[in-house]
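Reading through the structure tokens given below for one structure.
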Amino acid sequence: MTVEKKSTGKGKKLIVFGFVSILILFLIYGRYQDPELLTPSAIDSIQRIAFGFYVILVISFGAIAFGMYRYHKEKVEIGGKDLSTIIALTTWNSKSRKVLVITFIGYGVFFSLVSGTLVYQPEVNFAIHYGATIPSGFIAPCCDGPGYMPKIIIYLTEHIGLQIIPINLVLQVIVSYLVGLNTAIAVNAYSISKKGRGASSIGAAAGLFIACPTCAGTFLSIFVGTASGIALSIALSQLQTVFIAISIPILLVTPYMMAKKLRNADGSCKVNNTK
């Protein structure tokens with residue numbers, strides 16, 4: 001146990017460091033959201049701070065990603081019999097990695113559309129309505145609540161653009177990874193259940209049923225009238241963060257539930273992690 005804690009400690013520290021850095025970053029930048037501070041003499045300084053915000057955010061993401069990789073790899077190398085090791089072994093093979101990456105990218109694109117990060121407005125010409133240069137982009141440094149500023153606005157074409165909001169970006173990365181992880185484990189569990197032993201079909205499907213936390217608002221808005229749909233979409237967009245935040249604990253717990261189904265009686269993993 002001591003060896004395992006020592007071996008996986010650096011990975012855990014990097015993960016914690018990354019998330020704590022993001023939290024502190026949001027809180028510190030929130031102090032610059034007073035409109036009175038956005039004077040002509042201060043705008044250049046706040047723009048530089050906004051640019052630095054995203055530099056630190058990218059570094060934090062890098063620390064988390066590298067920490068996850070180290071933690072995952074070390075769990076596989078140690079070969080313990082705890083549920084975290086079962087999860088690591090289950091998703092270490094090439095098939096699982098492909099499923100995780102494809103799901104991560106696919107769900108990330110879907111999340112971008114639902115959250116408003118990727119904007120498509122065929123009825124609006126950005127160049128005419130907003131006087132935007134196509135293509136172009138800028139950072140909007142002020143003013144909104146912590147986590148919602150600074151925004152990055154990018155005009156790709158006359159009708160397609162990006163609106164990157166920090167809190168949505170963080171949630172997109174976290175949820176997309178967790179959805180990918182759940183899907184990779186569920187695929188392995190389903191493969192074993194087809195062989196008639198180990199994981200049940202219910203356990204195998206569990207990860208897939210909770211794999212779309214951003215779908216609730218989207219699907220609900222489809223079944224209402226156009227006028228009501230517009231009003232409902234606006235209301236749901238405000239609650240989208242809440243829906244996703246509630247889903248994260250479920251996405252965290254479900255891999256451990258499925259891992260129990262993938263563990264042999266002696267504690268070893270049923271999945272061959274070499275294929």
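Proximity of Ile86 to Tyr256: side-chain heavy atoms (C-beta onward) are nowhere separated by under 4.5 Å. Under the 4.5 Å side-chain criterion, counting only non-hydrogen atoms from C-beta, Tyr29 is in contact with Ile46. In this structure, Pro141 and Ile49 have side chains that are not in contact, with every pair of non-hydrogen atoms separated by 4.5 Å or more. Inter-residue side-chain proximity for Ile174 and Phe19 is flagged as met; some heavy-atom pair is nearer than 4.5 Å. Side chains of Tyr155 and Pro135 form no contact here, defined as non-hydrogen atoms less than 4.5 Å apart. Side-chain atoms of Lys75 and Trp92, non-hydrogen and from C-beta on, never get closer than 4.5 Å to each other. With contacts defined as side-chain heavy-atom distances shorter than 4.5 Å, the pair Val170/Leu57 qualifies. Leu251 is listed as a side-chain neighbour of Val179, based on a closest heavy-atom distance under 4.5 Å.
In summary, of the residues considered (Ile164, Val109, Leu169), a side chain to side chain contact (heavy atoms under 4.5 Å, CB included) with Thr117 occurs for Ile164 alone. A side chain to side chain contact (heavy atoms under 4.5 Å, CB included) with Ile165 is found for one member of Met149, Gln172, Lys151 and no other, namely Lys151.
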Apply side-chain contact (heavy atoms from CB on, under 4.5 Å) to the pair Lys10 and Tyr71, showing each step before the final yes or no. CA-CA 8 Å; Lys10 291 183 179 179; Tyr71 180 79; over 6 Å; no

Evaluate side-chain contact (heavy atoms from CB on, under 4.5 Å) for Phe138 paired with Ile154, printing each intermediate quantity in order. CA-CA 7 Å; Phe138 64 94; Ile154 300 175; over 6 Å; no

Stepwise side-chain contact (heavy atoms from CB on, under 4.5 Å) check, Tyr54 with Ile152: CA-CA 10 Å; Tyr54 278 100; Ile152 296 179; 3.6 Å; yes

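Side chain of Gln163 to main chain of Leu118: no donor-acceptor pair is present (N/O by atom type, distance under 3.5 Å, no hydrogens or angles). Counting only distance, with no hydrogens or angles, the side chain of Thr157 and the backbone of Ile160 share a donor-acceptor pair below 3.5 Å. The backbone N or O of Met68 sits nowhere less than 3.5 Å from a side-chain atom of His72 that would complete a donor-acceptor pair. Side chain of His159 to main chain of Gln121: a donor-acceptor pair is present (N/O by atom type, distance under 3.5 Å, no hydrogens or angles).
In plain terms, the two heavy atoms of Ser21 and Ser60 that are nearest each other are CB-OG, 3.4 Å. Considering all non-hydrogen atoms of both residues, Ala63 and Leu14 come closest at O-CB, 3.6 Å. Minimum interatomic distance between Ala184 and Thr91 (heavy atoms only, all atoms of both residues): CB-CG2, 4.1 Å.
Between Phe17 atom CZ and Ile22 atom CD1 the span is 10.0 Å, to the nearest 0.5 Å. Once rounded to the nearest 0.5 Å, the distance linking CG of Leu178 with CD1 of Ile250 reads 11.5 Å. To the nearest 0.5 angstrom, Lys260 atom NZ is 12.5 Å from Met258 atom CE. Annotation: the span from Leu181 atom CG to Ile185 atom CD1 amounts to 4.0 Å, rounded to 0.5 Å. One distance of note links CD1 of Ile59 with CG of Leu25; it measures 10.0 Å at 0.5 Å rounding. Here the OG-CD1 distance, from Ser96 to Ile87, works out to 12.0 Å after rounding to the nearest 0.5 Å.
Both Ile153 and Ile134 are members of a single hydrophobic cluster when ILVMFWY side chains are connected at heavy-atom separations under 4.5 Å. No continuous path of ILVMFWY side-chain contacts below 4.5 Å connects Ile139 to Phe126, so the two sit in separate hydrophobic clusters. Using a 4.5 Å cut-off between side-chain heavy atoms of Ile, Leu, Val, Met, Phe, Trp and Tyr, with links allowed through other members, Leu27 and Val20 fall into different hydrophobic clusters. Under the 4.5 Å side-chain heavy-atom criterion for Ile, Leu, Val, Met, Phe, Trp and Tyr, Leu156 and Val119 are members of distinct hydrophobic clusters. A continuous path of Ile, Leu, Val, Met, Phe, Trp and Tyr side chains, each step under 4.5 Å between heavy atoms, connects Leu252 with Phe111, placing both in one hydrophobic cluster.
Using the six-membered ring where Trp is involved, Phe110 and Tyr107 have ring planes that are tilted, between 30° and 60° apart.
In this structure, Phe53 has its ring center closer than 6.0 angstrom to the ring center of Phe26.
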